[in-house]
Amino acid sequence: MYRNREFLSLARGRQCFLQIPGVCSGVETVVPAHSNQAAHGKGTGIKAHDCYTVPACHACHAAIDAGPRPAEENRHYFNRAMHRWWLYLWEHGLIKIA
């Protein structure tokens with residue numbers, strides 16, 4: 001499993017990247033939210049790899065983890081957020097190639 005506290009810390013205090021309509025609270029209590037997809041390393045009792053996280057407000061994080069939406073819709077919101085987050089990280093020089 002890939003774990004990296006420094007990478008996770010990049011999400012704290014940012015805007016919510018999940019931005020689920022009717023759920024999102026914006027910038028309140030934003031923390032890194034791990035993917036719930038097996039393709040990203042998620043398993044029973046195992047979080048996905050840390051590189052598959054996005055900044056998420058408490059409301060969106062809870063909705064993705066246990067919300068009433070179908071899994072396909074949750075994957076859509078997470079994948080959209082992850083692509084936007086990775087681009088943000090590159091554009092702002094927060095990650096670089098060694």
Would you mind reporting whether [Y] and [X] have side-chain heavy atoms less than 4.5 Å apart?
X	Y	result
Gln37	Phe78	yes
Val54	Tyr77	no
Arg5	Asp50	no

Side-chain H-bond candidate by donor/acceptor type, [X] with [Y], under 3.5 Å:
X	Y	value
His40	Ser35	yes
Asn36	Asp65	yes
Arg14	Tyr88	yes

Please say whether more than 12 non-hydrogen atoms of neighbouring residues, nucleotides or ligands are located less than 6.0 Å from [atom1] in [X].
X	atom1	result
Lys47	NZ	no
His76	NE2	yes
Arg3	CZ	yes

Counting only N and O atoms by type, is there a donor-acceptor contact under 3.5 Å from the side chain of His61 to the main-chain atoms of Cys57?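 Looks like no, no N/O pair under 3.5 Å.
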Side chain Arg12, main chain Val30, donor-acceptor under 3.5 Å: no
Minimum heavy-atom distance between Thr53 and Phe7, given as atom pair plus value: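 Between these two residues, the closest heavy atoms are OG1-CE2, 3.5 Å.
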Please work out whether the ring planes of Tyr52 and Trp86 are parallel, tilted or perpendicular, with thresholds of 30° and 60°.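 If you compare the ring of Tyr52 with that of Trp86, the planes turn out tilted.
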Gap between atom CZ of Arg80 and atom CD1 of Ile20 - 0.5 Å precision: 8.0 Å
According to a hydrophobic-cluster definition based on side-chain heavy atoms being under 4.5 Å apart (Ile, Leu, Val, Met, Phe, Trp, Tyr only), do [X] and [Y] belong together?
X	Y	result
Ile64	Val31	no
Leu8	Ile95	no
Leu89	Leu18	yes
Phe17	Trp90	yes

Are His49 and Tyr2 near enough that their ring centres are under 6.0 Å apart? no
